[in-house]
2 protein chains.
Amino acid sequence: MASEADSPKRPPRTSVWLEGKPATRPRRTDRGERGERGGLADPTPTPTSASTPAPALTTGEAAKGATPKAGAEQPPLLDRDRITTVSVRLLDAEGSAKFSMRRLAAELGVTAMSLYWYVDTKDDLLELALDAVFGEVRVPELTDETADWRDQLRELAVSYRSLLVRHPWVSPLIGKYLNIGPSSRAFSSAVLAVMGRTGLAPHGRMGAVSAVFQFVYGFGTIEGHFVQRCVEAGLTQDEYHRHAMGSIHEQPDVKRAFENAEELMEARGGETVEEMRERDFTFALDLMIAGIEAMRERG
Amino acid sequence: MASEADSPKRPPRTSVWLEGKPATRPRRTDRGERGERGGLADPTPTPTSASTPAPALTTGEAAKGATPKAGAEQPPLLDRDRITTVSVRLLDAEGSAKFSMRRLAAELGVTAMSLYWYVDTKDDLLELALDAVFGEVRVPELTDETADWRDQLRELAVSYRSLLVRHPWVSPLIGKYLNIGPSSRAFSSAVLAVMGRTGLAPHGRMGAVSAVFQFVYGFGTIEGHFVQRCVEAGLTQDEYHRHAMGSIHEQPDVKRAFENAEELMEARGGETVEEMRERDFTFALDLMIAGIEAMRERG
DNA sequence: ACCTGAACACCGTTCAAGT
DNA sequence: ACCTGAACACCGTTCAAGT
């Protein structure tokens, strides 16, 4: 209806993957660099770096580029993969609140402005970091025709959840960008493929995908935030939980409102906060699968 | 296990509602003010202010406090409710990226530092804004014993979703804070109450709550971001969708990966982006309810 | 081709001071 | 009791300049 002429702005940037700077530029170096489009930016397992509050991190990478020998034709100090990898490490270690172009540049032993040679904006950089961590998601063997779709769905859900918990900064970005980088797409394709094996009619598949993975997204988001809070406070999850409950009980009116919730917590059983969460997650996933089976019967 | 002595920091602030500045301070004015603890901060329906891109907003409130008559004992320019209400309006109109203490202060006709008389930090302020919008959620009539829990659950889910879409800035905050303000708690209580009427065994209720409302959270988050993008671009949702698809098709490798997804979109049916989303949401909610019924039978 | 320094227009927050 | 001005330590990004 509305003509394009009266649109107040030009159509917006949609994604690094569509309109950003090219991943690599033509360059005259003799080492065959890895950086072709879609390089998954170092899929190291990233062994829960959130658990250590970033010790000697501040001077780690900086040394490498500290002494630029004058004279010889030097290779560039940076490339997109290195920028992306270090971004992920920094985001994991210090959280998104402390992540800045200047902080990242310092970590790379370079000034902030150098980064703009490789990315257009901070948003583009975050989109790259986002796709990089999606490379960590374990995708089930999709060619196996005999496998149970329930197992495959559970595997994807568990893997997605642990991604969100390992990298709490990821969750807001998933909402913000289109998630069309190569690793994000590999994940989405796997989800759709598995859903295709449920026996659900095509018109319901997208709804079922939403049900399962928006649930995992929400669950993992809240869980990740809580875990991060605990790490920052230097408390275990149970300690933090007790601390928060203690604070609540000091406020009589708030306390009353929480008695219901606490009864329910008793009923849930389990010793630790983690155990209870585990139970809830498993139950919810079983509920979804039962729901898919029921909807399948209805056509 | 870990003794409290070696904890590196003092226990952290948990919430405005527990440790922040008191909502009102003792003051010597003769008008009986409303601001006792738990005031719901103006539950005006906020008629989807996201749809108008903030026209004369910049000078709206500022005029009110512009001419402070010297002499007479003046009432304070600010109070918590007014700060909260204007924060919500500003966040709706301009998005969280542009929201700052300085911007808010300007809107209130005051300097940024005045705000710190009423809140400790920007985080506290956002926590207040968050609880204020939770006051918009329609809670079903819980005393009605004859009502179907399915209808009540759907009502809560629909209302929660529309909250997240009307206020896209809310979603990250829900992950960030404990959500123990009065309106947040009213919502949680309602959710638990309805879940109590499903016939689900107590140990499964929390899992079922997670399933349904983390799903809605994820769904509403993504939807809200998309709607916001469209508003900012000055495009309808369909126009934006076509624009993004157009961009994708210019990238041959990306295009291939999307052909699956587009087939599925055809299968979903529906004319507009909104219609398809509506279908998916309804289907997912039906799936959840079917899942609850199935889990109920298993004990 | 790749990187830097200086500058612009912002942030949240503290602190001492005003009325 | 309530509000301000100046200042601190930051931001993302642009632009002209260096090698």
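Below, chain A is the first sequence line, B the second, and so on; all start at residue 1.
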OH of B:Tyr217 to OG of B:Ser171: how many Å apart, nearest 0.5 Å?
3.5 Å
Defining pairs by Watson-Crick or G-U wobble geometry with both distances under 3.5 Å, how would you list the stems of DNA chain D with at least three pairs each?
C:4-8 with D:12-16, C:12-16 with D:4-8
Quickly work out the A:Arg80 CZ to C:dA1 P distance and round it to whole Å.
16 Å
Does A:Ser114 make a side-chain N or O approach to OP1 or OP2 of C:dC3 shorter than 4.0 Å?
no
I'd like to compare against my own output: the B/S/- annotation of nucleotides 6-19 of chain C with a strict under-4.0 Å heavy-atom distance to protein.
BB---BBBB-----
Whole angstroms only, please: what is the NZ-C1' distance between A:Lys21 and C:dC2?
12 Å
Between B:Lys21 and B:Asp124, is there a salt bridge with N-O shorter than 4.0 Å?
no
Return no unless some side-chain N or O of A:Trp117 is found under 4.0 Å from OP1 or OP2 of C:dC3.
no
Donor-acceptor under 3.5 Å (B:Ser184 side chain, B:Ile180 main chain)
no
Taking all atoms of both residues into account, what is the closest heavy-atom pair of B:Gly95 and B:Gln228, and its distance?
CA-OE1, 4.0 Å
Mind calculating the distance between CG (A:Leu77) and C1' (C:dC3) to the nearest angstrom?
8 Å
Report the C-alpha separation of B:Leu125 and B:Leu104 in whole Å, then their side-chain angles, then the decisive distance to 0.1 Å, and conclude whether the side-chain contact (heavy atoms from CB on, under 4.5 Å) test is met.
CA-CA 11 Å; B:Leu125 181 53; B:Leu104 171 61; 3.4 Å; yes
Pairwise P distance for D:dA9 and C:dA9, with rounding to whole Å:
22 Å
Applied to residues 170-181 of chain B, the salt bridge (charged side-chain N to carboxylate O under 4.0 Å, His left out) test, sequence neighbours excluded, yields B:Asp123-B:Lys176
A:Phe187 vs A:Phe134 aromatic rings, parallel, tilted or perpendicular, using cut-offs 30° and 60°?
tilted
Taking only Lys NZ, Arg NE, NH1 and NH2, and the carboxylate oxygens of Asp or Glu, determine whether A:Arg185 and A:Asp131 approach each other closer than 4.0 Å.
no
